[in-house]
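A, B, ... follow the sequence lines: proteins, then strands. Residue 1 opens every chain. Values below: all heavy atoms of this structure, side chains included; hydrogens, waters and symmetry mates excluded.
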Amino acid sequence: MSTAVVWFRKCLRLHDNPALSHACSDPSIDSLLPVFILDPSATGPSFENLGSARLRFLIESLADLDHRLKSKYGGKLLIAQARPLAVFENLVRGHRPGIGLVSSDYCSEPSGRSETAVIQKFFGKHSPKTDVRFHPSTNTLFDLEKTIASPVYKNPKSMRQMESLASSIFGLDGSGFLQLPEPLAEPRGMPPHPEGIGIDSHRSSSFSFHTVRALKQELSSKGFLTPTICTVPFVGGETEALARMKKKVSSQPAFVNAFRKPRTSSTNSPNDPIEPSTTGLSPYLSTGCLSARRIWKEVDHCNRQSNHTKPPESLHGQLLFREMFYLLSRSVVNWDQEDGNPMCKPIDWGDRDEEKLLAWEEGRTGFPYIDAMMRQLETTGWMHHLGRHAVSCFLTRGQLWQHWKHGRDVFGRKLLDSDWALNNANWLWLAGVAPFSMPYFRLYNPCPDGKSSLNVETSTANFIKFWVPELKNFPPRFIYEPHLAPVYVQKKAQCLIGSDYPNPIVDRKKSAKENITKFKLSLAA
DNA sequence: GGATCCGTTGTAGCT
DNA sequence: AAGCTACAACGGATC
């Protein structure tokens, strides 16, 4: 009699889940306990580290995982709200027949790696016969640890270097495609839930197991779970992830093969302020509802059918960028800091300006494009990639001259696709402090107008009016800088700038100029 | 080893 | 209207 504990960490799915597949195919295992641990020291006791949209998405993902385990294998997911160590201490102590296997997935973040080490150490000391496995994650294309340890590895700082690293690791087939490992299928069967481990069997002072349903009810009653709203196109879970991938990728070879990151400020699908114009798969990747290798293969399949765009701008390019950032986040020390981070130039960002930061976060800077983006982020957990560029440039080297870590923290809490490695990478990039950044003097205009390369499009004006309804009657020509509209126009639009909608908190041209100078001085210091 | 090129996605103003 | 140029000018890789 041997029980496997499958600890779902970063892979909330049945497909391409090495930890689950391993436990299902191990012949010495006759019962399997699927567990997810919600660690209050990571989420915050009142989930303050997770925005409400993120929390909702996570709970939906867990509910879907539970449902899939149930409908396919008759299994059930148990949730523990505790430190992982407390959970395993209780399991080892309480489960007499013995835990034969703990099967989980790799986590590259510092917190995840120390968590892994704690659990390994615990079993080594208190249950050395237990087979403890942390399988290389299939949330990334590379096995990060192996790649970084490889003699050919050098920190990639551009897409070209990244491509050459990828081909040296994976090799190319006859048609020049990278030869990535095949994603795993869902397990055909799963051992039954162990007897004696249920909802009530592990009540102790430190934690108890819950069903997802009970967790959901608890969170709702405490007011942590806001109901799903119509402005959110993303519902968490593997079921939704696979459906979206089919809808946006597998069944759209023409879209996939022509894919380029949009270069204009058009923020979403034409005339739809909700649905992104990109694939919208990132929340599913970051939550682990979808495997990176699985998407790669779907794109690969499309690319083999006809001519297609290439990295950096293709979908494969997007995945390679993601991979590059994961590799750097694992190999560069102090990745999430300025001090001691060899990939972060120290810039004198001055003091934290609470008023500016709050105006930015709450979407009341007086710059409608910026405010629309920040309000969309708060409500839905999503923002278009160019919007992310615009608001982060605005907060840091562009206009407000605030440290990138403040913006990083806001994105970290609110974005559905929030991810430690990628979030830090993107802020290092956009703040202009990393070696892979654009030159610091290339700023994004927070008010892209018709004369610039970012053309005003009806969809953009509609997008702003949707999220900043104060401006819904404003003529499009003043939509980016409503304070420049004559008072009679403001009156006609029933929105007086300065009272119904704020005046701009900075002079954008003056601040841009000053900030470029400050940045230069900081570099020279 | 100095010059040159390049970096996933800049902006403004002109023709 | 798309394309050119000036702006301001980093830093790593490459030749």
Side-chain angles (χ1 to χ4, degrees), chain A residues 154-166 256 258-268 276-279 282 299 308-328 332 341-348 367 369-370 373 383-399 404 422 425-457 460 480-481 484 507-525:
Chain A
K154 221 177 86 189
N155 280 335
K157 294 192 194 77
S158 68
M159 187 41 56
R160 201 174 287 176
Q161 291 172 22
M162 191 57 210
E163 284 184 280
S164 84
L165 176 67
V256 170
F259 188 90
R260 283 215 151 88
K261 273 312 209 34
R263 284 165 183 270
T264 73
S265 59
S266 93
T267 43
N268 285 71
S277 57
T278 47
T279 65
S282 57
V299 174
H308 54 87
T309 52
K310 302 258 158 61
E313 288 202 300
S314 63
L315 280 172
H316 273 169
Q318 304 308 309
L319 288 166
L320 286 173
F321 261 110
R322 181 175 176 276
E323 214 62 24
M324 176 172 124
F325 287 162
Y326 260 103
L327 288 165
L328 292 176
V332 174
N341 178 351
M343 293 226 172
C344 177
K345 297 169 203 169
I347 298 296
D348 181 7
F367 290 87
Y369 182 54
I370 302 296
M373 292 293 175
M383 198 194 295
H384 183 272
H385 82 285
L386 271 181
R388 301 182 192 201
H389 289 203
V391 301
S392 48
C393 183
F394 183 85
L395 180 72
T396 56
R397 66 200 164 94
Q399 267 70 38
W404 56 268
L422 309 181
N426 282 310
W427 278 91
L428 288 165
W429 188 314
L430 264 304
V433 295
F436 44 78
S437 297
M438 281 278 94
Y440 66 83
F441 48 83
R442 286 197 186 163
L443 299 184
Y444 290 82
N445 187 348
C447 308
D449 62 31
K451 285 183 203 143
S452 83
S453 59
L454 306 178
N455 290 317
V456 183
E457 291 171 17
T460 309
Y480 289 110
E481 294 185 278
L484 295 182
D507 178 331
R508 68 177 173 92
K509 289 181 182 165
K510 195 170 142 246
S511 56
K513 210 163 193 177
E514 287 169 2
N515 291 344
I516 286 178
T517 311
K518 276 198 230 175
F519 207 108
K520 190 165 82 172
L521 286 174
S522 249
L523 286 180

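Taking atom P in both B:dT8 and C:dA8, one finds a spacing of 25 Å when rounded to whole Å. Between B:dG1 and C:dA9, the distance separating the two P atoms is 29 Å to the nearest Å. For the P atom pair drawn from B:dG13 and B:dT9, the interatomic distance equals 23 Å after rounding to whole Å.
Residue A:Arg442 has its side chain nearest to B:dG10 when only C:dC10, B:dG10, B:dT8 are considered. Checking B:dA12, C:dA9, B:dT9 against the side-chain heavy atoms of A:Arg508 singles out B:dA12 as nearest. The A:His385 side chain lies nearest to B:dT9 when the options are C:dC10, B:dT9, B:dT8. The side chain of A:Phe441 lies closest to C:dC10, out of B:dT8, B:dT9, C:dC10.
Summarising the base pairing, C:dT5 is matched to B:dA12 through a Watson-Crick or G-U wobble pair whose two defining distances lie under 3.5 Å.
Summarising the geometry, the separation between CG on A:Leu521 and C1' on C:dC10 is reported as 15 Å, rounded to the nearest angstrom. The CG-C1' distance, from A:Asn445 to C:dC7, rounds to 15 Å in whole Å. Whole-Å rounding puts the A:Tyr369 OH to B:dT11 P distance at 9 Å. Regarding A:Gln399, its CD atom lies at a distance of 11 Å from the P atom of B:dT11, rounded to whole Å.
Here NZ of A:Lys157 is found 13.5 Å from CE of A:Met162. Values are rounded to the nearest 0.5 Å. Atom-to-atom distance recorded for A:Phe325:CZ and A:Phe436:CZ is 5.0 Å, nearest 0.5 angstrom.
Annotation: A:Lys518, atom NZ; neighbour count of heavy atoms from other residues, nucleotides and ligands within 6.0 Å is above 12.
For B:dT8, the base is stacked against the aromatic ring of A:Phe321, per a cut-off of 5.5 Å between centres and 30° between planes.
Contact check for A:Tyr369 versus A:Phe394: no side-chain heavy atoms found under the 4.5 Å cut-off. A:Leu430 is not listed as a side-chain neighbour of A:Thr396, based on a closest heavy-atom distance of 4.5 Å or more.
For the pair A:Thr309 and A:Val256, the tightest heavy-atom approach, listed with the atom from each and the gap, is OG1-O, 4.2 Å. The minimum heavy-atom distance linking A:Ser277 with A:His384 is given by the pair OG-NE2, 3.7 Å.
Across all strands shown, A:Tyr440 has heavy atoms under 4.0 Å from sugar-phosphate atoms exclusively, and none from any base.
Side-chain nitrogen and oxygen atoms of A:Arg160 include at least one within less than 4.0 Å of the OP1 or OP2 phosphate oxygen of B:dG7.
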Using a cut-off of under 3.5 Å, enumerate the N/O to N/O pairs linking the protein to nucleotides 11-15 of chain C.
none

